[in-house]
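Protein chains get the first letters and strands the later ones, always in sequence-line order, with residue 1 at the start of each. Values in this document were obtained by computation on a predicted structure and should not be read as measured data.
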Number of protein chains: 2
Amino acid sequence: MLTLKQVEAFYWAASLANFALAAGRLHLSQSSLSKRIAELESQLGQNLFDRSGHRSVLTPAGQALLPQARKLLRTADDLVESLAGAASVRGVCRFGVGELAALSWLPRFVARARKVYPELVLEPHVDLGRALEERVESGELDFAVVAGSSTRTALSSQPIAKVRFVWAAAPALVGERRTLTPELLASLAVITMPTDAGSAREFDNWLLANDFEVGRRLRCNNLAAIAGLVVAGVGISFLPEAWLAPLVRRGEAVVLDSRPALPVLAYTFQARRDDIRPLVRQLKALVVEEVDFSLPSRLQ
Amino acid sequence: MLTLKQVEAFYWAASLANFALAAGRLHLSQSSLSKRIAELESQLGQNLFDRSGHRSVLTPAGQALLPQARKLLRTADDLVESLAGAASVRGVCRFGVGELAALSWLPRFVARARKVYPELVLEPHVDLGRALEERVESGELDFAVVAGSSTRTALSSQPIAKVRFVWAAAPALVGERRTLTPELLASLAVITMPTDAGSAREFDNWLLANDFEVGRRLRCNNLAAIAGLVVAGVGISFLPEAWLAPLVRRGEAVVLDSRPALPVLAYTFQARRDDIRPLVRQLKALVVEEVDFSLPSRLQ
DNA sequence: CACTCTTACGGCACCCGTAAGAATC
DNA sequence: GATTCTTACGGGTGCCGTAAGAGTG
């Protein structure tokens, strides 16, 4: 008897091209997944993977099965979704969050997701964009919300919000100056995130496009720490406008205009293109619906 | 976790409108089927059957699910069929066969089916057409091969062969006469099958349409016995041309012409319209392919 | 009282995870 | 030797069938 479990195991093993990752995604031991696939092969009377090499690759039969497996799983998901609705989203969801999103959007999203999908267990992983993309592609993460769209073809990047960045400095550092001239930029230390972060990548592009030179460069992988460094007068940095507002209000930082203005950064929802699970679809819808990168009020 | 077993149980229970019949069709105890459905209901978070009455009827949610369940099962069947092919047809198949088909087509069909589908266990039930139709509709039989098409809307009747019937008599009974005149017909006993059989129904229509009168009527539900009665000179009967040939060759019977000629009887493959199983589809294809109602050679 | 479905329960089969093995690079 | 998948095996969950129960007409 054919079971959905078997087809699911095959689908993810084929999609991720790795039994261990597929097992992880299905919250299953790798050995069990292997057996499910072996069972499916015996059901269908032919091998779906060629095990002769170091790693398993799809046989022609396996390639033929893949689209059919996708269709079957999607049909099953549609069935559940249309009748059970939101209650169908359950289990564990591992997702990545960029630094900025982690400090602004994440708490609100988690709160909302917990309410809409009470059966869902969320596991957010905060890291830099590049690292998150890698883990989404490998299947370790179900999706990620990061700055900038990915260049990876295996991932789909859905823009969900534009965030305006502005230059920030400690009042003592810039005195009365409120405009960032090229000279000023060259004389001050600029604090950014590591190049693996989407925001820093975009910033580098901006520098390059405008032929700007920076003075000292200081990289820190923690946005809150960067803000602290800015307030302490170590250097200037660019921060989300909404995120900076409370600091400005408290007189701990001032905004510097620049010409041209800093680029508006697009944050994207990224997931594997071949990930057809309702979990991803539903959470994507939830993310798109709830896109506010300003600070939660209680932190302001 | 949704399983195909659950959906299958629901689909047949809803289609047959009876848990016990559905259980029989799935070779399952009625209690297990009941539990599978209860499990599905808890999965989906709503009742699919309204149990308040004497028998369960679909709730609106159940009605919404039915087409989706059909689609899911069909998708799963397609998957198996396209990869496993003939090997996917297995299990037990209960089917009905009319008298004529039982003595001519059945042995050959069974032999062929056993060869094409080695994993399939066949359970032929020989009976009269009407009775078989009832049992197909109720779900006790998977399909039937009988004379005439059914008037039951729940059944699909696919014509598979036309069989020419001719009048047969013992040589001693008719002397040199080889033509069946209305007078001769009225003076002889006519041996037919009971009215529940398709062939007898068609014959009655023929009589009525031509304003013929018959003399004594003798009904027997066994075709071989009828042939024996004819050979013994008890009366005349109509038998399939090909089936009669060996008797004529041995001089035990002669063919009588009639004007108009006896109707050509269409045999049909009958199954429930909503029966989407590959088993039925495949065997239907096999039946259509192999339609020879002549006697197996070893019996001639 | 006949019919249809549900509940209770003992038993067994299946599936899972741990751990060790085999094969490739 | 690291990685990837398979095999072996003990343990537990879940599903099945029998049998009794509940509710309807």
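Look at B/Glu39 and B/Lys5 and you find no salt bridge, because none of the NZ, NE, NH1 or NH2 atoms lies under 4.0 Å from a carboxylate O.
Taking the screw axis at each terminus of the helix from C/dC1-D/dG25 to C/dC25-D/dG1 from five consecutive base pairs, the angle between the two is 30° to within rounding of 10 degrees.
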For residues 16-24 of chain A, which side-chain donor-acceptor pairs fall under 3.5 Å, sequence neighbours excluded?
unit_1: A/Asn18; atom_1: OD1; unit_2: A/Ala20; atom_2: N; d: 2.7
unit_1: A/Asn18; atom_1: OD1; unit_2: A/Leu21; atom_2: N; d: 3.1

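Shown here are the side-chain hydrogen bond (donor to acceptor under 3.5 Å, both in side chains) partners of A/Glu134, two or more places apart in sequence or in another chain: there are none. A search for side-chain contact (heavy atoms from CB on, under 4.5 Å) contacts involving A/Ala225 returns A/Cys220, A/Asn222, not counting sequence neighbours. The side-chain hydrogen bond (donor to acceptor under 3.5 Å, both in side chains) search around B/Arg74 returns none, not counting sequence neighbours. Considering only residues two or more places apart in sequence or on other chains, A/Thr268 meets the side-chain hydrogen bond (donor to acceptor under 3.5 Å, both in side chains) condition with A/Gln270. Annotation: side-chain contact (heavy atoms from CB on, under 4.5 Å) contacts of B/Ser156 (sequence neighbours excluded): B/Arg273, B/Lys284. Checked against side-chain hydrogen bond (donor to acceptor under 3.5 Å, both in side chains), A/Thr195 has no partners two or more places apart in sequence or in another chain. Scored by the ring-ring contact (aromatic ring centres under 6.0 Å, His included) test, B/Phe269 finds B/Phe143 as partners (sequence neighbours excluded).
Evaluation of the ring-ring contact (aromatic ring centres under 6.0 Å, His included) test over residues 60-89 of chain A, restricted to residues two or more places apart or in two chains, returns none.
Near DNA chain C, meaning a heavy atom under 4.0 Å away, there are no residues from residues 57-66 of chain B.
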- Take nucleotides 16-25 of chain D nucleotide by nucleotide from the 5' end and write B, S or -, depending on whether a protein heavy atom sits under 4.0 Å from the base, only from the sugar-phosphate, or from neither. BBBB---BBS

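Counting to the nearest Å, the P atom of D/dC15 and the CE atom of A/Met1 are 13 Å from each other.
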